[in-house]
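For reference, the structure discussed in these notes is given below.
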Amino acid sequence: MHITSGGGVAQTSLWTSGFTRGKIEVCLLRVPLVNPDAEAASGPPGPPRRSGKRREPRVLISCLPRMFSDERNARIDHYDTLDLAGLLVLERHSPRDVDLLVSIGRHYLKQHQFDRCHDYYSRALAVDPDDGWTHLFMGNLCYGLSCYDEAAAYFRNAIELLPEVACPHWCLADVYDKQGYWERTEHHYRRAVEVDPTDTKSKQKLEDWLADNRSARQNS
């Protein structure tokens, strides 16, 4: 069992029990898609092939643009100054604040309390299923736990909900790279650059991936 954020006792989640057995059963959860046909638009995945280099999970907070209202930006900035205890106090008064729920989830992620992180991200999505940034953070959580199919689904949702943001595309490309789907990987790295040509992260990821592929093919 584990203690819930409200202080009560709950049964161990599938996430935690699966993790302790060496199999993360959250990978079995079905992710609702914003656009079920989005994956087909990327073309066939092709046969899986080994990628040239192993990449570590990224820190998504670095790709958050200042695209929100001044009020929302100020609220997020305030949450970033608080520790977990302070955020949990605020939750008692604002249990449906999406940015607050995501901030709490991020704190649990840093502590490797993945089940609680998942719970808070899920609550945020229940409040606002169309918040693309929450889909992005949930995808990053799944990616970090090697739940690649689920991560891809959340990143595709983020692409649908944040059409002018490059980050969801290169996040999805990272997933396809892990799965060995090179055609889709290249497609989404290039789409990230097309969506935002000024984003240096997207350009660097595409350049690195192309260089890795050239090296891998020369050595094969």
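Scope of the values below: all heavy atoms of this structure, side chains included, with no hydrogens, waters or symmetry mates.
Taking each heavy atom of V127 and R96 in turn, the nearest pair found is CG1-O, 3.4 Å. Across every non-hydrogen atom of L141 and C117, the tightest pair is CD2-SG, 3.8 Å. Scanning all heavy atoms of the two residues, the minimum distance from L82 to H107 falls at O-NE2, 3.4 Å. Between R123 and P95, the shortest heavy-atom contact is NH2-O, 3.4 Å. Shown here for A152 and V175, the closest heavy-atom pair between the two residues is CB-CG1, 3.9 Å. Annotation for L136 and F155: closest pair O-CE2, 3.4 Å, computed over non-hydrogen atoms.
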As a quick check of understanding, evaluate side-chain contact (heavy atoms from CB on, under 4.5 Å) for E183 and H187, giving each step before the final call. CA-CA 6 Å; E183 291 84 359; H187 170 80; over 6 Å; no
Evaluate side-chain contact (heavy atoms from CB on, under 4.5 Å) for V98 paired with T134, printing each intermediate quantity in order. CA-CA 8 Å; V98 169; T134 308; 3.7 Å; yes
As a quick check of understanding, evaluate side-chain contact (heavy atoms from CB on, under 4.5 Å) for H188 and W170, giving each step before the final call. CA-CA 6 Å; H188 282 284; W170 60 252; over 6 Å; no
If you apply the rule side-chain contact (heavy atoms from CB on, under 4.5 Å), what do you find for Y143 with L172, and how did you get there? CA-CA 10 Å; Y143 177 91; L172 182 56; over 6 Å; no
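Side chain of N213 to main chain of W209: a donor-acceptor pair is present (N/O by atom type, distance under 3.5 Å, no hydrogens or angles). One N or O on the side chain of H135 and one on the backbone of P129 form a donor-acceptor pair closer than 3.5 Å. Listed for the T81 side chain is a donor-acceptor partner under 3.5 Å among the backbone atoms of H78. Remark: side-chain polar atoms of K178 are not paired, donor with acceptor, to backbone N or O of Y148 under 3.5 angstrom.
Counting only N and O atoms by type, the side chains of Y189 and D174 include a donor and acceptor under 3.5 Å apart. Looking only at atom types and distance, the side chain of Y108 has no donor-acceptor partner in the side chain of D115 under 3.5 Å away. In this structure, a donor-acceptor pair under 3.5 Å is present between the side chains of S202 and D199.
The aromatic rings of Y121 and F137 are tilted relative to each other, their planes meeting at an angle between 30° and 60°.
More than 12 non-hydrogen atoms from other residues, nucleotides or ligands lie less than 6.0 angstrom from CD of E194. With a 6.0 Å radius and a threshold of 12 heavy atoms from other residues, nucleotides or ligands, D83 has its CG atom above the threshold.
Shown here are the side-chain contact (heavy atoms from CB on, under 4.5 Å) partners of R72, two or more places apart in sequence or in another chain: F68, S69, R75, I76, D99, D131.
With a 4.5 Å cut-off on side-chain heavy atoms, I104 and L84 count as touching. Looking only at side-chain heavy atoms (C-beta outward), V102 and W133 stay at 4.5 Å or farther from each other. Looking at heavy atoms from C-beta onward, M138 lies out of side-chain contact with E150 at the 4.5 angstrom threshold.
Taken from CD1 in I159 to NE2 in H169, the straight-line distance is 4.5 Å, to the nearest 0.5 Å. To the nearest 0.5 angstrom, S103 atom OG is 11.0 Å from L88 atom CG. Taking NE2 of H112 as the reference point, atom CG of L145 lies at 9.5 Å (rounded to 0.5 Å). The distance from the CG atom of L100 to the OH atom of Y79 is 4.5 Å, given to the nearest 0.5 Å. Atom CG of D97 is separated from atom CG of D128 by 11.0 Å, given to the nearest 0.5 angstrom. How far CG of D80 is from CG of L87: 8.5 Å, rounded to the nearest 0.5 Å.
When each of Q113, R106, E91 is paired with Y120, the side-chain hydrogen bond (donor to acceptor under 3.5 Å, both in side chains) condition holds for E91 and for no other. In summary, of the residues considered (T185, L206, V195), a side chain to side chain contact (heavy atoms under 4.5 Å, CB included) with R190 occurs for L206 alone.
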